[in-house]
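What you see is a predicted model, and the numbers here were worked out from it, not measured in a lab. Just so it is clear: chains get the letters A, B, ... in the order the sequence lines come, proteins before strands, and each one is counted from 1.
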Number of protein chains: 2
Amino acid sequence: MSLRHAVLATLLPGPQSGYDLAKKFDDVMRTVWYARRNQMYGELAKLTEAGFAEEVAEGPRGRRLYVVTPAGRAELRRWLVDVEPDRTVRDETMLRALLVSTLDSADALKVLEREENALAPELRDLRAFLDQQAGAEKPTDPLMMGLDLRARMVEAMLGWIHEARRRILAQRR
Amino acid sequence: MSLRHAVLATLLPGPQSGYDLAKKFDDVMRTVWYARRNQMYGELAKLTEAGFAEEVAEGPRGRRLYVVTPAGRAELRRWLVDVEPDRTVRDETMLRALLVSTLDSADALKVLEREENALAPELRDLRAFLDQQAGAEKPTDPLMMGLDLRARMVEAMLGWIHEARRRILAQRR
DNA sequence: GAGTACATGTAAATTGTTACATGATTTA
DNA sequence: TAAATCATGTAACAATTTACATGTACTC
């Protein structure tokens, strides 16, 4: 049940609506803990009921703004520091990578190329953004740290793709 | 719905029971697509109903052995080659890494250290196994390729942890 | 005034988790 | 013969996905 804490942390910077959070999940959280728009509203309701968030204002178009309560901050800290992490993984990209080796070499190379074409531009954009932000005031900013981690992950995946291709081509002869 | 294809691929090498598959998911698939023991039985039933697997024998203790049918092989290939991958991620380790920056520096360093202590031995074991297997006959074996990918991912995460620690300590002064 | 983006939800179906139930065979 | 491991499942609950429903404010 990590969605609760992902939402709590995303709400931390200040009063935001479910819609605002959904956008942040699409932009920043997507590569870490994906969630759909309609999950936000349910989670905000549960968070409010539990006393970890509260509604502070209503804006135009029925917009409801929430903030994290002190109890919510404490809960987030408790979860990060005291709760033993659930290290189980469910990553379709990795699963597909693993299963590529069940294909014949032509299919395998095709699939690997598609992955590379999806990941290479992402890494380029990440690197460009991070380089541009280098030397900024806040090097420990969650966004910066998160994007740096993502860049390292994508780089590792691309390195693996090159190695996989090399092995498949070597075995062909 | 990747479980279906993860099970199909795991069943590929030959006749196996739900129990056998569960063990493989615990050992090898754990770092890619985790699934519980009791999910296997349900998935095998669905796979059989869909014609992608079939029961071929009964062993001792009610052990039921399944194999992948030709239709199952075709389905696995179709999914890998023709179905656009779902690249959404849900990774608690990455989520926690991102949220570490919401903590004060003492807590953050503590949490980073715990992660490092969990990952460093895993990487050591992976490297030892891969080095030992280097030069084996089957360099494109799914297990080898999967472990190589996992090693690269863990390495990337450890690199990020060191960078995160460096930034936190630098900001302290 | 039309189109776009904003904004919040609900219902049904699927997938995954937790807890429990049951019994067989092997090994010490 | 007791304990460990093998072996399959079900029921209730929680999380997630998909599809739908509804209406508001801004911008051209």
Q: Between the protein and nucleotides 25-28 of chain C, which nitrogen or oxygen pairs come in under 3.5 angstrom?
A:
| residue | atom | partner | partner atom | Å |
| --- | --- | --- | --- | --- |
| C:dT25 | O2 | B:R61 | NH1 | 3.2 |

Q: Do other residues, nucleotides or ligands put more than 12 heavy atoms under 6.0 Å from A:E49 CD?
A: no
Q: Rounded to the nearest Å, what distance is computed from the CE atom of residue A:M40 to the P atom of nucleotide D:dT17?
A: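 Rounded to the whole Å, the gap is 11 Å.
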Q: State plainly whether the residues A:R150 and A:E122 are in salt-bridge range, i.e. N to O under 4.0 Å.
A: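 Salt bridge between A:R150 and A:E122, a charged N being under 4.0 Å from a carboxylate O: yes.
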Q: Using a 4.0 Å heavy-atom cut-off across all strands, classify A:R64 as base, sugar-phosphate, or nothing.
A: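 The residue A:R64 makes sugar-phosphate contact but no base contact.
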Q: Rounded to the nearest Å, what distance is computed from the OH atom of residue A:Y41 to the C1' atom of nucleotide C:dT8?
A: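 A:Y41 atom OH is separated from C:dT8 atom C1' by 5 Å.
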Q: Does some side-chain heavy atom of B:R165 sit less than 4.5 Å from a side-chain heavy atom of B:H162?
A: yes
Q: Is any NZ, NE, NH1 or NH2 atom of the basic residue among B:R4 and B:E43 found under 4.0 Å from an Asp or Glu carboxylate oxygen of the other?
A: yes
Q: If you assign each of B:R63 and A:Q39 to its closest nucleotide in DNA chain D, which residue comes earlier from the 5' end?
A: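 Upstream on the strand: B:R63.
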Q: Report the distance from atom NZ of A:K46 to atom C1' of D:dC13, rounded to the nearest whole Å.
A: 12 Å
Q: Just how far, in rounded Å, is P of D:dT5 from CG of B:D20?
A: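 Interatomic distance, CG of B:D20 to P of D:dT5: 16 Å.
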Q: Are any protein N/O atoms closer than 3.5 Å to N/O atoms in nucleotides 18-22 of chain C? If there are, list each pair with its distance.
A:
| residue | atom | partner | partner atom | Å |
| --- | --- | --- | --- | --- |
| C:dT18 | OP2 | B:R36 | NH2 | 2.9 |
| C:dT18 | O4 | B:N38 | ND2 | 2.7 |
| C:dA19 | N6 | B:N38 | ND2 | 2.9 |

Q: Please report, rounded to the nearest Å, how far the C1' atom of C:dT14 is from the CD atom of B:E49.
A: 15 Å
Q: Is the shortest side-chain N to carboxylate O distance from A:R127 to A:E155 below 4.0 Å?
A: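 Here A:R127 pairs with A:E155 in a salt bridge, since their nearest N and O are under 4.0 Å apart.
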Q: Mind calculating the distance between CG (A:D86) and C1' (D:dA15) to the nearest angstrom?
A: 13 Å
Q: Under 4.0 Å between a side-chain nitrogen and a carboxylate oxygen: does that hold for A:R152 and A:D148?
A: yes
Q: Tell me: CG of B:L3 to P of D:dT17, nearest whole Å?
A: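 Those two atoms, CG and P, are 15 Å apart.
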Q: Can you check the B:Y34 OH to C:dT15 C1' distance for me, whole Å?
A: 15 Å
Q: Under 4.0 Å, counting only non-hydrogen atoms across every strand here, what does B:R90 touch: a base, just sugar-phosphate, or nothing?
A: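 If one applies the 4.0 Å heavy-atom cut-off, B:R90 turns out to touch the sugar-phosphate alone, with no base involved.
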Q: Assess whether a salt bridge exists between A:E115 and A:K110, defined as any Lys/Arg side-chain N lying under 4.0 Å from an Asp/Glu carboxylate O.
A: no
Q: Charged N to carboxylate O under 4.0 angstrom, A:D20 versus A:R63?
A: yes
Q: Between C:dC6 and A:Y19, is there an OP1 or OP2 to side-chain N/O distance shorter than 4.0 Å?
A: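 So the side-chain polar atoms of A:Y19 do come within 4.0 Å of the phosphate oxygens OP1 or OP2 of C:dC6, strictly under.
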Q: Mark yes or no: B:R37 above the aromatic ring of B:Y19, with NZ or CZ under 6.0 Å from the six-membered ring centre and no more than 45 degrees from the axis.
A: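 Because its charged atom sits under 6.0 Å from the ring centre and within 45° of the axis, B:R37 does stack over B:Y19.
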